[in-house]
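Okay, so here's the structure we're looking at.
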Amino acid sequence: MFGIGAAAARQCAERASTTLGPACGHRLGVEPEAGAVSFVEPDGEFADSGVGLWQNDHMAVDGDAAFTLPRGATGFFRSKDGPSPETDQRTFRAALYAAARAAKGRVGEVEKQTYPRTFHTATVIESTGEYAILCHAHHPWIAFARERRDWYTEEFRAPPPWARTFADLGFAVLDRAQLTRPLSDVDTSALTQGEWRHVRLYGITTVGGVLFNAWD
């Protein structure tokens, strides 16, 4: 991973904002020095998005880098923090159908996120079988599983080769190692006390369990 110049950062920020669309007043930007994809606050300051670095025109999460869970990763937001960001569903659908074409398969069922689930779901059916695709409702994270369900702990699978189509449209594709990583191995300092209450109540111990859950 590497930093990028100011001009390139501006281009990447524009591309990220265009791809993901306005998210309830939040927008994404790329920090010129570090190259990290972050939320840009109204005062112009950068806030960690948990996405990672912008590399080779793709949003990517470095599996060897420290993963940060931003506030709201659980799907819970405090009213005093302002409106929650939302992943653009049209972009998700565009990436989904592009992925199906790349897989020489077809899109199966698509289900929009509803309370209390924290993610949208869909399936792509290809020659080797069916992939369940999970899209976080508030952050541009994509994960893969063997079947659709309302919550996950370690039931994830490795991304297929055609998963790069999601990265091409601005999503961060998380692999199984990242999703099954213990919470003790990642930066959780941004989570609120309310978020931690739910994590402890439900006995969640992994990154994937926090991101893709149904807090009912």
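Starting from 1, each residue takes its place in the sequence as its number.
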Checklist entry - Which class fits the ring pair Trp215 and Phe76: parallel under 30°, tilted 30 to 60°, perpendicular over 60°? => result tilted
Checklist entry - Do the ring planes of His198 and Tyr202 sit parallel (below 30°), tilted (30 to 60°) or perpendicular (above 60°)? => result parallel
Can you tell me if [X] has over 12 outside heavy atoms packed within less than 6.0 Å of its [atom1]?
{"X": "Arg106", "atom1": "CZ", "result": "no"}
{"X": "Glu130", "atom1": "CD", "result": "yes"}
{"X": "Trp162", "atom1": "CH2", "result": "yes"}

State, to 0.1 Å, how close [X] and [Y] come at their nearest heavy-atom pair, and which atoms those are.
{"X": "Leu169", "Y": "Thr91", "result": "O-CG2, 3.7 Å"}
{"X": "Gly170", "Y": "Pro140", "result": "O-CB, 4.0 Å"}
{"X": "Pro85", "Y": "His139", "result": "CG-CE1, 4.4 Å"}
{"X": "Arg117", "Y": "Glu111", "result": "NH1-OE2, 3.5 Å"}

Item to check | Polar side chain donor-acceptor pair, Ser84 to Glu86, under 3.5 angstrom | outcome: no
[X] side chain near [Y] side chain, heavy-atom distance below 4.5 Å:
{"X": "Val207", "Y": "Leu69", "value": "yes"}
{"X": "Val110", "Y": "Arg93", "value": "yes"}
{"X": "Phe171", "Y": "Cys135", "value": "yes"}
{"X": "Ile142", "Y": "Phe92", "value": "yes"}

Next on the checklist: Run the ring-ring contact (aromatic ring centres under 6.0 Å, His included) test on Phe212 and Tyr152 for me, step by step, so that the C-alpha distance in whole Å, both residues' side-chain angles and the decisive distance to 0.1 Å come before the verdict.
Outcome noted: CA-CA 6 Å; Phe212 300 102; Tyr152 295 83; 7.0 Å; no
Checklist entry - Sub-3.5 Å donor-acceptor pair from the side chain of Arg181 to the main-chain atoms of Gly208, do we have one? => result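 No, because the side chain of Arg181 does not come within donor-acceptor range (under 3.5 Å) of the backbone of Gly208.
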Item to check | Atom pair CD (Gln89) and CD (Gln113), whose distance is rounded to the nearest 0.5 Å | outcome: 8.5 Å
Next on the checklist: Taking salt bridge (Lys or Arg N to Asp or Glu O under 4.0 Å) as the definition, give me every residue that meets it alongside Arg90, ordered by chain and number, with sequence neighbours left out.
Outcome noted: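 Arg90: salt bridge (Lys or Arg N to Asp or Glu O under 4.0 Å) contacts with Asp88.
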